[in-house]
Amino acid sequence: MHGIRKVYPGVIAVDGVDLDLLPGEIHALVGENGAGKSTLANIAFGAVKPDGGTVEAAGTVGLVHQHFELVGRLRVWHNIMLGREPRKGTVVDVDRARSRVAELAERNGLAIDPDALVEELPIGVQQRVELLRELEREPSVLLLDEPTAALAPAEIATLFATVVQLAKRGTAILVVTHKLQEVIDYTTRVSVMRHGKIVARYETADTSVDEIARAMVGGELPQVAQREPTGAAPCFAARDVSAASDTTTVSGLSFEVHAGEIVGIAGVEGNGQTALADAIAGMIPYTGSIELDGDSTALRHRNNIGIVPQDRHHEGLVLNWSIVENAILGRQNLPGIRKGALTDWRAARADAAAIVERFDVRAASLDVAVKMLSGGNQQKLLVGRALIGDPRFVLAYQPTRGIDVGAAALVQSRLIEARNRGSAILLISFELDEILAIADRVLVMYRGKITGSFTGSEIDRGKIGRLMAGLS
Amino acid sequence: MKVVLRLLAGPAGALLLAFVLAAVAMLIAGVNPVDGFSALIRGSLGGRRPIAETLVQTTALLFPALGISLAFRAGLFNIGAEGQLLMGGLFAGAVGAHLAGPSWLTVAALLLLGMLGGGIWGGIAGWLRARFNASEIISTLMLNFIALSLAGYLVAGPLKSPLASGAETAPLLPNNWLPAFPTIGSLSFGDTRLTISILIAIATAIVLRFVFTRTVFGYELRAAGEAPEAARRSGINMPRMTLIALSLSGAVAGLGGAAIVTGVLHRFNTSLSPGYGYTAIAVALVGDLNPLWVCVAALGFGILEAGGLMMQADAGVPKDAIRVIEGLIILVLAARRYFATRASSAPI
Amino acid sequence: MSTGVSLMLTLAFLTLIKSVPIVYAALGGVISERAGVVNIGLEGMMTAGAFSAVVFTNLTGSPIVGLIAGIFFGAFLGFILGFAATFFKVDQIVAGVGINLVALGGAAYGLVLIFNQPGASPQVNQLAPEQLLPQITVGETALIVLGLLCAFGLNWFIYRTPWGLRVQACGENPRAVTDAGLDPLRLRLYSVIASGALAGLGGAFLSICEVNLYSDGMTAGRGFIALAAVIFGRWTPWGATGAAVFFGFFEALQYVLQGRISWLPSDAMQALPYLAALFAIAGLVGRVRAPAADGVPY
Amino acid sequence: GRHNAGAARPGQLALGMVTDVGGLGDKSFNDSAYRGLVNAQNSLGANIQVLQSRSASDYQPNLTALSEKHLDMIYAIGFLMNKDLDQISKQYPQQHYAIIDAVVDDPNVVSATFKEEDGSFLAGALAALVSKSHHIAFLGGQDIPLLRKFEVGYIAGAHQIDPATKVDVKWVGSFEDVAAGQELANVLFNGGADIVYAAAGKAGIGAIDAVKTRQNAFVIGVDSDQDSMAPGKILTSMVKHVDVAVFDIAQAIQQKKALKGHLIFGLKDNGVGLTDFKYTSAVIGRSNIERVDAIRQDIISGKITPPSTPQGLVTWKPVKL
Ligand SMILES: Nc1ncnc2c1ncn2[C@@H]1O[C@H](COP(=O)(O)OP(=O)(O)OP(=O)(O)O)[C@@H](O)[C@H]1O
Ligand SMILES: Nc1ncnc2c1ncn2[C@@H]1O[C@H](COP(=O)(O)OP(=O)(O)OP(=O)(O)O)[C@@H](O)[C@H]1O
Ligand SMILES: [Mg+2]
Ligand SMILES: [Mg+2]
């Protein structure tokens, strides 16, 4: 790629980038949210036309999108084999397709049920489908846009084992990621993007996480805020909650979150986190009770609570709406926003500006449609909305998914600051590091039950890890 | 030259294409396109009376189009405006034949009754969707046919005018007629069919726009339409929103029916509408579901409808050829977004 | 034969006959919507099929040629809608409304231009009018069987063949289809053409098989009913066929019942199929969902 | 344009016509009126113009458009136009109008109505005489008061011959749906009726189609002479001579004759009546034809008064002759 340039209204997304991918190399592309990585990857793939520059590729190019391009209502095998269906006469040879997928999954260490309906799969598993789809095509250039954002650590290891294998066979690979440790562990070269330009390029062997991070943010990383002691007033309580969502169930969960406390739910994805979150949000029926300050209707009425949903595109944002409009979604009836029957757009705009400012959401203006924002900036907006106005209770599902290291530190700081001001925060995350970094108390979830609880000095990475794996 | 090209690729090109196609249709009909178009313009804009007729047609399309916009904005595909219009007209006509009292009061009551009739009809679909998750596309469509049967039965039987030999209600008492359009300076519309219903329609559009953009209800309604899952998760009661949105949508269309009955026909019969409720779908979409643009779109269609009559009368274009021309223009209008994007990205 | 038995037979045959045109159009709706194009123009495509079938039968004397013409002109309107919806990215619903106007107006005007008589065409040769059973002609039987074959074939096509699976993907997420190296626009275009062909065939059944002339308004909203049948049948070929038969049955039922229940006015009887549909969808609990990208230009 | 011959020459009779929403091609009164107009064009040298209406709100602008042209006579075809014509005729007091099937009481309006029940009575009597199964049927287009006149006249006529004659009644619900007309006629025939009186506009063509392949079954046509559409299978047609009314009025205008305000067309002046059994006289038989003719005379003489509404039918009794 030479001299690639792409201009969107109000932003220069990619600004004169040169990038060569060599056969057999694993090239990391890192950068802040909105730096232009996805745009560059999409240009390389051919999905976006550049305004300038040339792209040349020897052979085929494959792209793993972070916002997957899957067909939800079709089965896994079909998604993977789309366009290359094995045939038996004029009909699709389903058995062959199925076994082909099973074998592919097996070979790459990505467990999958070829017959599952994609839309019923949790996001992490959908990620595997998206990946397998590209692997099946064996492109000579493979572009991976944040492939690990929704994967568990064990899966990340197997994924990269596959990627390394592919590279060994001569595939040129580009990985966009925000997890810098992956960069160090698996890649050969790394390019750092800032404001649409490549600002640094290293041989991975010659660099470090710190150096890359500094190049990314153009300075030092922000420090994560300090936790301050708070009084332990009970605030949120779940008692004997059982519920079932599409994919997971929980039974007999009981726990509390105190005001001024962050409780982290540690667990491998698919162990009931979705059902728990949906039950708390009142999206699915449940038995037992869920109360906020003794009131079981408060959650349903969305008074004074903040929620970061799991799927930002479908559950969190109205993609065609502006930042201002999105900033008050779920808060439209709060006294400050609602004036009689009317929406106080001035207040909404002030809130939006505050979110953008405090969470460093990078956008051309407050009035752009959020679909124009980069994925990480959309996520920051979502977290900012959940935290603005210091809600009494916050439910944060993977709040830093797809956010760059600098911004992740910022988001974590904001969570801790909210805690310090007395919010009760329930953090659901598949990244143990994140939980260990900011939670006051850790609950381990395994197969729909809480199998362990650790507070303060009891928190022990090893024990938690074992419980997460179902060992005792 | 470049400017001309750019204009051609843009909306002007779309319009030009529409006119060329219409001209071809006229030539096939054996009509000189110059005569045809001049009749179209004369019949729609060529003077006080034609303008009044254009606005009468505009009004007839505007109410259902606004109702449809409201439902579509909430993500509900209401194709039942035709039935809702009919029910609104039926309610107004059934009562209007007998209601006595001060004119402003009875007229207002009849308009409200029309809203009630249409609202019930929309509300049934809303309830079915909210309660049973029944597709509103099916139910609103079915309710169109049911409305026609019901109205047909009532005007041939229980509501039949003792005077009329046909299937219609007794004429409305004159105190139940919508007042004529006010005189502007020396311009009086007293002898035309133009009533204040056009003003009511425009006011409805303005109110709708205000509701959409300024009220919390409008915000929730749009959220429900744009991103239902996100809306549900933000605490919006979706079944309730469905019921309210379809009822309101029907009420606006029903108001249109009542406006035709109290303003134009002064009685109810089942040939009240030549399919306004269906054409209004196109009007609403061409107006981007934005109430003010819908007004503009309705005016455009009103010009076609009113001008179409004159094309028949003066240029001898048969009414079916006029329908073809309307269809062609709708097709081309539908493509205007394509032309618009082409224009903005066309290299100069 | 006792009256009861003959009534049942009448009802059964009438159900079949009244269902056929709706079945064809509904199958057309299924294929088009599965590919992501909402086809509000079914009514117009049926009209085009009905009218052109009569014109060409009149021209050539052969109802088979008429039938083929009906299919062809239905497909032609399908092409227009498909082309507009894919390459011009028009709003499919607006385009469908436009197509309906053009077809209805065009056929009405065509009657004047071609036959020099408004309202209805002269009578033409009917497709295989020999009576097979008291109720049903050979031609009708043939097209009933063909309709079933079409349902069977479409089901097979959509769920079993690679192209069918791709069409499904097109209606769900055309970007995934692009990423797979295929052209979703083309797939959509072909699907809508097929949709028009089927609707045209349904229209031709009305005009040259069930009767033997075209009359203005003879499709009488069946294209819209077909649209409802598509949704009712949850966008599946057999579902849509079943829904079409459901409508056909209640239409037949009202024919048979009219006049037998003296206190019910005929208007109430005529509303029967629609009332039945209302009750049926209310009872159809569960999620009814359109293909994800249905109606969304790509 | 086909219907619009351009401006009339000075001295030429200028006639205009506004159809109702059924429009030209309805095989019913719009078509029949149009025939009358064309007759006037051919034999009176008139200049004619036709405007078709798409909805009830088109009637007024259409009538206005023609009124602005100062024609010698403007015909409003159909009862649905009565209110609008009442209004327009007051606005244009110099203009002459005629309305079909409704009565508008204005000095410049001629109203023409028909005694459909009388003609239908004859049709019913004939059907009862010819029916082997003593079971006949009526197939209506839309259930509206005008069509009820056909229905009750027909039933009364049948009962005049034989009160035990069974008369089934079904309605298509539309004047357009030919296929539905055909299937309903089939249902009626299969239900045991051997004669169907099809008063259903275009949908009636379906009934004529249904009878073609049946043995010993007949249809009675309506409005126009439909006998030749299926020779031998159409017992007769109950014609309603709207064309005669239209033509007569035109002729009177041309001859500057004064016209009565309300013209009622009945059996006497052949405003309504049966066709001449050209293809079916053998099936019907001389004696039956004579009996029907006798009844016709009785109606003309006032001995028999056919009912015209469902209420009237309830109290109506066959007349002892
Ligand atoms: N279709 C578009 N229209 C307008 N602006 C766009 C569009 N796509 C991207 N942008 C803008 O271009 C810039 C680069 O976006 P891009 O998605 O490439 O960022 P990124 O580096 O992938 O960020 P992230 O890490 O958050 O995914 C952002 O400012 C974004 O808002
Ligand atoms: N639903 C959408 N509608 C329109 N444009 C979208 C939509 N989703 C994403 N985009 C555009 O695509 C660009 C890239 O998407 P985004 O940055 O959100 O995702 P990503 O995580 O970086 O990965 P990917 O390239 O796989 O989409 C965005 O900047 C945005 O402009
Ligand atoms: Mg990105
Ligand atoms: Mg991203």
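We name chains A, B, ... by the order of the sequence lines, and we start the count at 1 in each one.
In this view, C/Tyr274 satisfies the side chain to side chain donor-acceptor pair (under 3.5 Å) rule with no residue, not counting sequence neighbours.
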Could you walk me through whether C/Leu111 and C/Phe51 pass side-chain contact (heavy atoms from CB on, under 4.5 Å), step by step? CA-CA 9 Å; C/Leu111 283 176; C/Phe51 178 67; 3.8 Å; yes
Show your working on side-chain contact (heavy atoms from CB on, under 4.5 Å) between C/Met269 and C/Ile261 and close with a plain yes or no. CA-CA 9 Å; C/Met269 284 289 179; C/Ile261 306 174; 3.7 Å; yes
List the steps, then state whether side-chain contact (heavy atoms from CB on, under 4.5 Å) holds for B/Leu66 with B/Leu62. CA-CA 6 Å; B/Leu66 289 172; B/Leu62 187 48; 3.9 Å; yes
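For the set C/Leu104, C/Ile225, C/Leu101, C/Leu227, the count of heavy-atom pairs under 4.5 angstrom toward chain B peaks at C/Leu101. The candidate from C/Val97, C/Ile40, C/Ile93 with the greatest count of non-hydrogen atom pairs under 4.5 Å with chain B is C/Ile93. Most heavy-atom pairs under 4.5 Å with chain C: of the set B/Trp127, B/Tyr278, B/Phe145, this distinction falls to B/Phe145. Chosen from B/Leu128, B/Leu141, B/Ile137, the residue pairing most often with chain C at heavy-atom distances under 4.5 Å is B/Leu141. Interface remark: of the candidates B/Ala125, B/Ser139, B/Ala284, B/Ser139 forms the most heavy-atom pairs closer than 4.5 Å to chain C.
C/Phe232 and C/Phe247 have perpendicular rings, their planes meeting at more than 60° on a 0 to 90° scale where under 30° would count as parallel. Below 30°, between 30° and 60°, or above 60°: for C/Phe83 and C/Phe87 the angle between ring planes is between 30° and 60°, a tilted geometry.
Considering every non-hydrogen atom in both C/Glu33 and C/Pro291, the closest pair reads O-CG, 3.5 Å.
Looking at B/Arg232 and B/Glu229, a side-chain N of the basic residue comes within less than 4.0 Å of a carboxylate O on the acidic one, giving a salt bridge.
For the atom pair CE (B/Met238) and CG (B/Asn133), the distance works out to 10.5 Å, reported to the nearest 0.5 Å.
Using non-hydrogen atoms only and a strict 4.5 Å limit, the part of residues 71-80 of chain B facing chain C consists of B/Phe77.
When heavy atoms are compared at a cutoff of 4.5 Å, C/Ala84 does not approach chain B at all. For C/Leu275, the parts lying under 4.5 angstrom from a heavy atom of chain B are both the backbone and the side chain. When heavy atoms are compared at a cutoff of 4.5 Å, B/Leu143 approaches chain C solely by way of its side chain, counted from C-beta outward.
Under the 4.5 Å side-chain criterion, counting only non-hydrogen atoms from C-beta, C/Phe224 is not in contact with C/Leu42.
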